[in-house]
**Q** 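Sharing a structure with you now.
All ligand and atom numbering here is 1-based and tracks the order in the structure. What's counted below: heavy atoms across the whole structure, side chains too, no hydrogens, waters or symmetry copies.
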Amino acid sequence: MEEFKITPWEVEGKVDYKNLIEKFGLKEIDDKLLERLKKITKDLHVLIRRKYFFAHRDLEIVLDEYEKKKGFFLYTGRGPSGPMHIGHLIPFLFTKWLQEKFKVNVYIELTDDEKFLEPKRNLTLEETKKWSYENILDIIAVGFDPERTFIFQDTEYIKNMYPLALKIAKKINFSTAKAVFGFTNETNIGLIFFPSLEIAPTFFEEKICLIPAAVDQDPFWRLQRDVAEKLGKRKSAQIHSKFLPPLTGIEGKMSASKPETAIYLSDNEKTVREKIYKHAFSGGQPTVELHRKLGGNPEIDVSFQWLKILFEEDDKKIKKIEEDYRSGKLLTGELKDMLIEKIVKFLEKHNEKRREARDLVNVFKYEGQLAKEMWKRIHQ
Ligand code: TYM
């Protein structure tokens, strides 16, 4: 088997998701669980219907608690290291859907501290603060309920999380942190303490916490479950997605540090077109004649995979596209055009919402109902 590496700060090699389920002690999202979810939500978001969210821990317990009217809450986040790409938005799109269906609170953490501390990024605190603001606009644009959503930025909110973070930190020794995150003697001590701040929000309510994110964040949650027991608190539940593949090939993850692999939320139509034409890895044949004769391979074709993961929600249409591509009826260029059209529309809508988001930042951070509740919980 090929080697791959996943930590919150590094993803390398071809990720074997089946193997990950075993390695990380996850459970597969199977048809039975989807049926159960659908009974409650009536429909299923494309990201889970096609099993892009592929694994979980304790999702059954979350649904049990919901059905017993005990409820749950959602928690997710973003490390503000630069502009967001489409991959970064995926957990937020899905979290928003869950919020809409279950009418629950959502907590969103911006780890400006983490991105400052990560050595390879070389960012100043001023830069990570600036990116926090920019990223918050993209997150708000997704459409969260302003009364049930609280967005907070670590360097601002630290005073309120510090007592909790200390309790967490005291239960994690260096040897465990090394094993989970791959820390070495060269790791700065800021980063060594940081996990307690990503874990803290999982204890913001007494209810069970459900975390939608890509699987790279899992090391935090393994540690969270360990610490929760020791603190007499609740273990969090997770729902994990795969990585949106980079434009350049089906392996690895879209990465902000390699611009040609990613579509940014701020890319204009021309850039989207150019990037997809130039870089989107094709499963087609080298010539039209050969393609008509032999057909293309949708499994490795990034344009097809992006359509399937998110951009073509109609199940009948995606099936037809797959068949036509496989048979050679549909050419790579035509497939790329379909994707470009979808992405351009998606980004236009997103950026319209993003412009409106400027007026909402204070609501999500300070003035909305949940933001105020958080303030009260701490100051009373
Ligand atoms: P960050 O900023 O690296 O990523 C933000 C979210 O996007 C997910 N993600 C992806 N999903 C699909 N395809 C990709 N190519 C891709 N790349 C990243 C990440 O899993 C994440 O959910 N430390 C975190 C911030 C954070 C957080 C959290 C994330 C704080 N608390 C709670 C999730 C849940 C970070 O730097 O994320």
**Q** Using a 4.0 Å heavy-atom cut-off, which part of T76 comes near ligand 1: side chain, backbone, both, or neither?
**A**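 Both backbone and side chain.
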
**Q** Report yes or no: does a heavy atom of P8 sit under 4.0 Å from some atom of ligand 1?
**A**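 Checking ligand 1 against P8, which is what was asked, there is no heavy-atom contact under 4.0 Å.
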
**Q** With a 4.0 Å cut-off on N to O distance, would you call K349 and E352 a salt bridge?
**A**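 Judged by the 4.0 Å cut-off on N to carboxylate O distance, K349 and E352 do not form a salt bridge.
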
**Q** I'd like to know whether ligand 1 has Y52 as a neighbour, heavy-atom separation below 4.0 Å.
**A**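 Yes; Y52 lies near enough to ligand 1 that a heavy-atom distance drops under 4.0 Å.
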
**Q** Please verify whether a non-hydrogen atom of F194 lies at under 4.0 Å from ligand 1.
**A**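 Flag not set, F194 not near ligand 1.
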
**Q** Number the atoms of ligand 1 from 1 as they appear, then name those within less than 4.0 Å of a heavy atom of D216, with their elements.
**A**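 Checking each atom against D216, I get 19 (C), 20 (O).
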
**Q** Should the pair K319-E312 be classified as a salt bridge under the 4.0 Å nitrogen-to-oxygen rule?
**A**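 Judged by the 4.0 Å cut-off on N to carboxylate O distance, K319 and E312 do not form a salt bridge.
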
**Q** I need the contact type for Q217 against ligand 1. Using non-hydrogen atoms and a strict under-4.0 Å cut-off, is it side chain, backbone, both or neither?
**A**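 Under 4.0 Å from ligand 1, Q217 contributes side-chain atoms alone.
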
**Q** For ligand 1, indicate whether the residue A214 contacts it via side chain, backbone, both or neither (heavy-atom separation under 4.0 Å).
**A**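 Both backbone and side chain.
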
**Q** Assess K342 against F311: is NZ or CZ under 6.0 Å from the centre of the six-membered ring, and within 45 degrees of the ring's axis?
**A**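 That pair does not qualify as a cation-pi contact.
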
**Q** Using the test salt bridge (Lys or Arg N to Asp or Glu O under 4.0 Å), find all partners of E100 that sit at least two apart in sequence or belong to another chain.
**A**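 K96.
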
**Q** Measure from NZ or CZ of K207 to the centre of the six-membered ring of F73, then state whether that distance is under 6.0 Å and the direction lies within 45° of the axis.
**A**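 No; the conditions do not both hold, so K207 does not lie above the ring face of F73.
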
**Q** With F150 as reference, evaluate Y157, F204, F364 under the ring pair (Phe, Tyr, Trp, His ring centres under 6.0 Å) test and give the passing residue.
**A**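 Of the listed options, the one satisfying the test is Y157.
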
**Q** Could you see which bit of I211 sits under 4.0 Å from ligand 1, with heavy atoms only: side chain, backbone, both or neither?
**A**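 For I211, the contact with ligand 1 is made by the side chain alone.
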
**Q** Does only the side chain of W9 get under 4.0 Å from ligand 1, or the backbone, or both, or neither? Count heavy atoms.
**A**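 Neither part.
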
**Q** If you measure from each heavy atom of K115 to ligand 1, is any distance below 4.0 Å?
**A**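 Contact check K115 vs ligand 1: positive.
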
**Q** Heavy-atom distances under 4.0 Å are what count here, so tell me which part of L244 touches ligand 1: side chain, backbone, both or neither.
**A**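 Near ligand 1, L244 shows its backbone as well as its side chain.
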
**Q** Would you check if the side chain of R292 reaches a backbone N or O of G328 as a donor-acceptor pair within less than 3.5 Å?
**A**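 Present.
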
**Q** Kindly indicate whether a cation-pi arrangement holds for R222 with F24, taking the cut-offs as under 6.0 Å to the six-membered ring centre and within 45° of the axis.
**A**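 Yes, R222 sits over the ring of F24.
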
